[in-house]
Each structure stands twice: as C-alpha cells, then as structure tokens.
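Beneath this line is the structure, given in structure tokens, with notes to follow.
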Amino acid sequence: MTKTLKKTLPIILSLLGVALFTFIAAKAGIHPVMEALGKVGVGGFFLLVLAQLIIDIGLGIAWKASVPQIGFLRLTGARLVRDAAGACLPFSQLGGMVLGVRATLAGRSAQALDGEDLHWPEGVASNLVDITTEVLGQIAFILVAILCLVGHQGAARFIWPLMGGMVLLSLGIAGFIWTQHRGGSMIRKAAMFFGRHIAADWRESLIGNTDIFQARLESLWSRPDRIMMGALSHFICWVGGAAATWIALTLLGAHVGFLSALAIEGVVCGIMSAGFLVPAALGVQEAAYVALGLIFGIDSQISLSLSLLRRGRDILIGIPVLLGWQLVEMSRLRKESGRATSSRDKTVTSVLKKTTTSVMSGSSKKDGSSSRDTEEKDDAAFATAPRIL
C-alpha cells in the first residue's frame, strides 16, 4: 500500500497541478498574457535571469557561511543543481534535495579544502545544515512579508493561515534541529536494525559511516555563529528574490512599491512551501501569484505572466546546469569504469601468468621424467644385447 501511494501520489498531484494551471490560464486569457509578456521583451527577460544568477551566487555564499570546510564553487554548483532539479524535473523539492547531495560529491576529485575525500556523510550533513539555515531565513522573511501585508483589504484570509503555518513550520524546524543534535542514538538503532539483514562487511561499513555522519553534523552545529550567519545570508537572498519580483512587476506594467512586492513574494513562498509535494509547484505557484496580486490591485493576466516569467527564468538557468552536471557525472562514471576494467584486466593477466607458469612447470617435469625413462630403457637393452664382433 505504501509503495503504491509513493508511486501514485506524485502523479495525482501533478495532474491536479496541470488542471489548476489550465483553469487559471483559461480564465486569464492567452492573448492578454502574451501582451503582458511582450512588454518585458528579451532584454528585460535576460535582466531577470541575471538577477537570479546573482541571487544564486548569494545562496552559495550562504551555504559557505555555515559549511566552511567545502569549497565555494562546489557548494554553489550543488545549489544550482538542487534548484534546477526542483524547477525542471518532475520531482518534488525532496527529489531536488537528493540530487543536491549527489552534486555535492560530484567531480573527479571530491575533496574538502583540507584535502579530505568527501563521501555521503559529508554530503548529507552539509545539505541538511544548508536546508535548515534556509528555512530559518525563510521563516523570518515570511514574517516580514506578513507585516507588509497587514492593513490591505482582503489580506486577513492569508494572514491567519500563514501565521498558523509559520507556527507549525517553526515547531517542525525546531524538531529537525533537535534531531540533528540528539539523533545519533536513533540513527545508530536504525543502522543496527537494517544491518541485521545485510552482509557483515556492509553492516560494519553502514554503522561506521553512521558514526561519521553524526560526527560531521555535530562539527557543523558546534559553531552557532556560522549557523546564524548562514540563516542571515539566506534571509538577504530571500529579500533579493523580492527585489527580482518587483523588477518583473515593473517590467510588466504593474507599478507597485517594493514592500508590496516583498509581501507578494513572501506569501507566495509560504504557500509554495506548504505545497512542496507538488512537482515544480505546478499550479500552486500560479494560484498564489494571482490570489496575492488581487489584494494589491494587480490584474490576473499580469500575475500569471509573472509566474510564467519565473518559470522561464528557472528553465533557462536549470537546463544548462543539469546538462553540465550530467557531463560531470558521465566523466566520473567513465573514469570509475576504466579503473574497474583496468583492475579486472590486471587480475585476469595475473591469473593467466600463474596458470601458464604452472602448466609449463608441469610439462617440463613430465618431459624430464620421460627422457630419463627412455635413457634407462636404452641402457638396459644395451646391457642384455648379444655381443657380436
């Protein structure tokens, strides 16, 4: 039942998202949306792409602030892959996090700044800490957005549900942080449970890596100043996202203030976080922008155009990022395959040499004994033969 639900739930949510997106697009009208997008132009669109790339660099800085052991370029690339997977692939945000861990360990020489090799304990621990600091910054950002939303007509229907959601999110992130601090015994028990059903060598490796994973988490959380710096950097990046939204609305012809754009972006982020299981937030993002836009007097056509601009920007950045990551993965797999082939060839050659040496040794012994037998028979025949003069 659980396996069936895991397979069917993303499909059901995707279909519901497509239906919601189709309904919003049909209600807004295709021609008004195209006219609004035409106001932005190619130059305006690439301006939004550039703004997002600057924010992505800021996200790499935020990750580096809380995880100083890993290089900035590796963390920034992994963050780009994580976001690209969530925006371009039919995964939920959880799927993007899994690919983010893999991208953190990508490349031929996955090493920390001190030269130590990076394995899954370091990859998972660093991603968990970055996600935690990002959520902490997001909570602060959404609270600021709610304050900016107060006083607008019709805002009450968003404020109270969002406040309740922030309380639940705060409790959830507090439990998540507690698990990272105190969850060592729970992780070991889980490893021991699963270890009963696997080979002895694998069981020892699993338990050993579990201890290393917990040690990596404790090491990262031992510097609360770095954790707070990471959360503050993420908050600044969220504000940067609000600035990008304000620029996009200005290009679309909706003249609203920066605080209004911050309120829209913050509430939309909160709604999208609540619908994190929907792949690429399809339909959820559009509905949130349209509903928030009505509060600030923004037409649904412009709000839908804003959502489409965001998706187009994410796709334009995400597709090259995913292709580049695939090339890196293929290069590493090809190298590992070459190593395995070379090792296998060496093993086969060694076995053949030993076999050939053994066969030749046996043959020489056999030939030597045969010649000695022949010589002994000839001597005996000569001794018993008649002597004829």
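Atom set for the values below is all heavy atoms of this structure, side chains included, hydrogens, waters and symmetry mates excluded.
- I177 and V67 fall within the same hydrophobic cluster, defined by Ile, Leu, Val, Met, Phe, Trp and Tyr side-chain heavy atoms under 4.5 Å apart, directly or through other members.
- One hydrophobic cluster, built from ILVMFWY side chains closer than 4.5 Å, cannot hold both V328 and L323; they sit in different ones.
- The backbone N or O of S307 sits less than 3.5 Å from a side-chain atom of Q285, completing a donor-acceptor pair.
- Residues that satisfy the side-chain hydrogen bond (donor to acceptor under 3.5 Å, both in side chains) test with W221, not counting sequence neighbours, are Q180.
- Nearest heavy-atom pair across C269 and I142 is C-CD1, 4.5 Å.
- Rounding to the nearest 0.5 Å places CG of L99 at 10.5 Å from CG of N127.
- Side-chain atoms of S66 and D130 form no donor-acceptor pair, as typed in the model, at a separation below 3.5 Å.
- Cluster partners of L168, using a side-chain heavy-atom cutoff of under 4.5 Å among ILVMFWY residues and allowing indirect links: none.
- Within the structure, side-chain hydrogen bond (donor to acceptor under 3.5 Å, both in side chains) contacts touching residues 34-56 (residues at least two apart or in different chains) are Q52-D56, Q52-R313.
- In this structure, CD1 in I298 is found 8.5 Å from CG in L292, a value given to the nearest 0.5 Å.
- With hydrogens and angles disregarded, a donor-acceptor distance shorter than 3.5 Å links the side chain of D114 to the backbone of E116.
- Distance check: I236 CD1 to L59 CG gives 11.5 Å after rounding to the nearest 0.5 Å.
- M166 and L262 fall within a single hydrophobic cluster, where Ile, Leu, Val, Met, Phe, Trp and Tyr are joined by side-chain heavy atoms under 4.5 Å apart, directly or via other members.
- Contact between P320 and I315 at its shortest, heavy atoms only, is CD-O, 4.2 Å.
- Note on W238: it clusters hydrophobically with L249, by side-chain heavy-atom contacts below 4.5 Å among ILVMFWY residues.
- Shortest non-hydrogen contact noted between I146 and I159 is CG2-CG2, 3.9 Å.
- For the pair A110 and L105, the tightest heavy-atom approach, listed with the atom from each and the gap, is CB-O, 3.5 Å.
- Nearest heavy-atom pair across T133 and G230 is CB-C, 4.0 Å.
- L294 shares a hydrophobic cluster with no other residue; no ILVMFWY side chain has heavy atoms under 4.5 Å from its own.
- Using a cut-off of 4.0 Å between Lys/Arg side-chain N and Asp/Glu carboxylate O, E286 and K27 are scored as not salt-bridged.
- L73 belongs to a hydrophobic cluster whose remaining members, ordered by chain and number, are I57, I61, F72; membership requires side-chain heavy atoms of ILVMFWY residues under 4.5 Å apart, directly or through intermediates.
- With S331 contributing its side chain and L327 its backbone, the two residues share no donor-acceptor pair below 3.5 Å.
- The distance from the CZ atom of R311 to the CG atom of L282 is 5.0 Å, given to the nearest 0.5 Å.
- The side-chain tip of R82 points at the ring of W63 from less than 6.0 angstrom away and within 45° of straight on.
- S260 places no side-chain N or O within donor-acceptor distance of the main-chain N or O of V256, the cut-off being under 3.5 Å.
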query: Yes or no on side chain to side chain contact (heavy atoms under 4.5 Å, CB included) for R79 and K64, after CA distance, side-chain angles and deciding distance?
result: CA-CA 11 Å; R79 178 59 198 241; K64 177 68 175 176; over 6 Å; no

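- Of all heavy-atom pairs between V101 and G123, the closest is CG1-C, 4.0 Å.
- W246 and Y289 fall within a single hydrophobic cluster, where Ile, Leu, Val, Met, Phe, Trp and Tyr side chains are chained together by heavy-atom contacts under 4.5 Å.
- The closest side-chain heavy-atom distance from I24 to V290 is below 4.5 Å.
- If you chain together ILVMFWY residues whose side-chain heavy atoms come under 4.5 Å of each other, L171 ends up grouped with V167.
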